[in-house]
Amino acid sequence: MPELPEVERLRLTLLPHLLGATVLSGTLKRRDYCTVVGEDGAVQKGPVSEEALLVGGAINALSRKGKQLAMTTADGRVAVIHLGMSGQVLFSVGTRAPRANHQHVEWLLRRGDETEGTMVFRDPRRFGGLWSYPSMEVLERTAWSKLGPDGLTSPLSQLEGSLRRVAQGGERPSARSIKMALLDQALIAGVGNIYADESLFLAGIRPDRLCRELTLEDVARLARAVRQVLGDAVTKGGSTLKDYRDANGAGGTAQQTHMVYGRGAEACRMCGSRLKWSFQQRTTVFCGVCQR
DNA sequence: AGGATAGCCTGCGGGC
DNA sequence: TGCCCGCAGGCTATCC
């Protein structure tokens with residue numbers, strides 16, 4: 001369940017291995033795992049050129065928006081990784097990566113220090129994927145512009161602004177529950193099921209509250225909670241529930257301090273009352289006492 | 001057009 | 001022990 005903190009952690013741990021590295025080769029082991037986007041935004045699945053896999057390029061940036069990670073080469077090409085729900089990107093020194101099943105893409109790199117390294121993208125459930133763009137401009141125009149402000153790096157006022165639009169007194173008050181809204185990447189980018197539940201708990205807001213009934217105070221508190229929950233999780237290396245690993249194979253520890261996620265029917269860490277389950281299309285856990 | 005829903009996909013845990 | 005079922009969820013397509 002990689003969400004923003006896990007992807008950010010992956011970015012931070014990949015950075016020292018990739019910055020300045022030259023892509024010697026790229027292999028797509030599953031043909032339909034990569035989508036090539038053209039200059040006009042048209043998409044094409046199927047056979048992928050070496051160019052699309054960044055071969056021959058020198059990686060000069062790793063950027064992230066929400067849960068998407070973009071690798072850029074000096075000549076402008078971009079490859080975007082979505083981890084989906086079970087995706088992992090592992091880096092290893094040398095020309096051979098540890099073998100595992102479901103390895104869909106493999107890159108051989110020559111790093112700045114002249115040693116060779118291998119980067120493998122594996123994704124058992126295949127909810128993730130690789131997207132190739134001719135330039136950052138096309139990525140921004142066709143995809144990232146549709147995402148809301150990044151939950152971690154956008155100014156707090158923008159997160160608040162996004163939530164305000166769908167709340168009481170906003171431009172288009174929404175009949176959706178706030179839980180569903182938090183999962184909407186067009187509203188705030190990067191929040192998934194784990195951190196939506198955690199943010200709502202911290203803000204003291206019930207997940208089934210309707211957006212249009214939230215007050216401006218609720219919205220301000222929630223925006224701050226989202227920012228804090230995501231930031232804390234990055235510091236802890238993300239949540240490793242089962243699959244998640246950073247580029248070096250290390251797991252995170254944020255799951256140890258979850259207040260509600262995965263704790264249905266257990267005692268609330270704040271008030272001791274029994275946490276409740278609900279299903280807003282996704283499993284949701286909350287405290288009926290602490291959250292109103 | 002906003003909002004709800006189905007479906008993609010594999011691994012795993014529970015029940016029998 | 002082994003099999004079947006249900007569940008996990010990010011995202012897109014589709015329907016109402």
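So you know, we letter chains A, B, ... as the sequences are listed, proteins then strands, and number each from 1.
Rounded to an integer number of Å, the gap from K67(A) NZ to dG9(C) C1' is 9 Å. In this structure, the CG atom of L187(A) is 12 Å from the P atom of dG2(B), given to the nearest Å. One atom, CZ of R212(A), and another, P of dG2(B), lie 14 Å apart when rounded to the nearest Å. Distance, D184(A) CG to dG9(C) P: 17 Å, rounded to whole Å. If you take CG of L241(A) and C1' of dG10(C), they are 14 Å apart, rounded to a whole angstrom. Protein atom CD1 of I194(A) is 8 Å distant from nucleotide atom P of dG9(C), rounded to whole Å. Across the protein-nucleic acid pair, I81(A) atom CD1 and dC11(C) atom P stand 14 Å apart, rounded to whole Å. As a whole-Å value, the separation of R165(A) CZ from dA1(B) P is 16 Å.
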Inset, instruction - For nucleotides 4-13 of chain B, just jot down a letter per nucleotide in 5' to 3' order: B, S or -, based on protein non-hydrogen atoms under 4.0 Å. - result: SB-BBBBS--

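More than 12 non-hydrogen atoms from other residues, nucleotides or ligands lie less than 6.0 angstrom from CZ of R111(A).
Using bins of under 30°, 30° to 60° and over 60° for the plane-to-plane angle, the ring pair W277(A)/F279(A) lands in the parallel bin. Aromatic ring orientation, Y33(A) versus H104(A): tilted (interplanar angle from 30° to 60°).
Residue V80(A) is found in a hydrophobic cluster whose other members, listed by chain and number, are V37(A), V43(A), V78(A), W131(A), Y133(A), M136(A), V138(A), L139(A), W144(A), L147(A); membership requires side-chain heavy atoms under 4.5 Å apart, directly or through intermediates.
Nucleic acid contact class of S174(A) (heavy atoms, under 4.0 Å, all strands): sugar-phosphate only.
With the nearest nucleotide of DNA chain C identified for both V191(A) and W277(A), W277(A) has the one nearer the 5' end.
At dG9(C), one or more side-chain N or O atoms of T283(A) fall inside 4.0 Å of OP1 or OP2 (strictly under the cut-off). An OP1 or OP2 oxygen of dG9(C) is reached within less than 4.0 angstrom by a side-chain nitrogen or oxygen of Y261(A).
In summary, E213(A) and R209(A) do not engage in a salt bridge, as defined by a charged side-chain N under 4.0 Å from a carboxylate O. Taking the charged nitrogens against the carboxylate oxygens, E8(A) and R11(A) do have a contact shorter than 4.0 Å, which makes a salt bridge.
Every residue was checked against the salt bridge (charged side-chain N to carboxylate O under 4.0 Å, His left out) condition with D123(A), not counting sequence neighbours, and none meets it.
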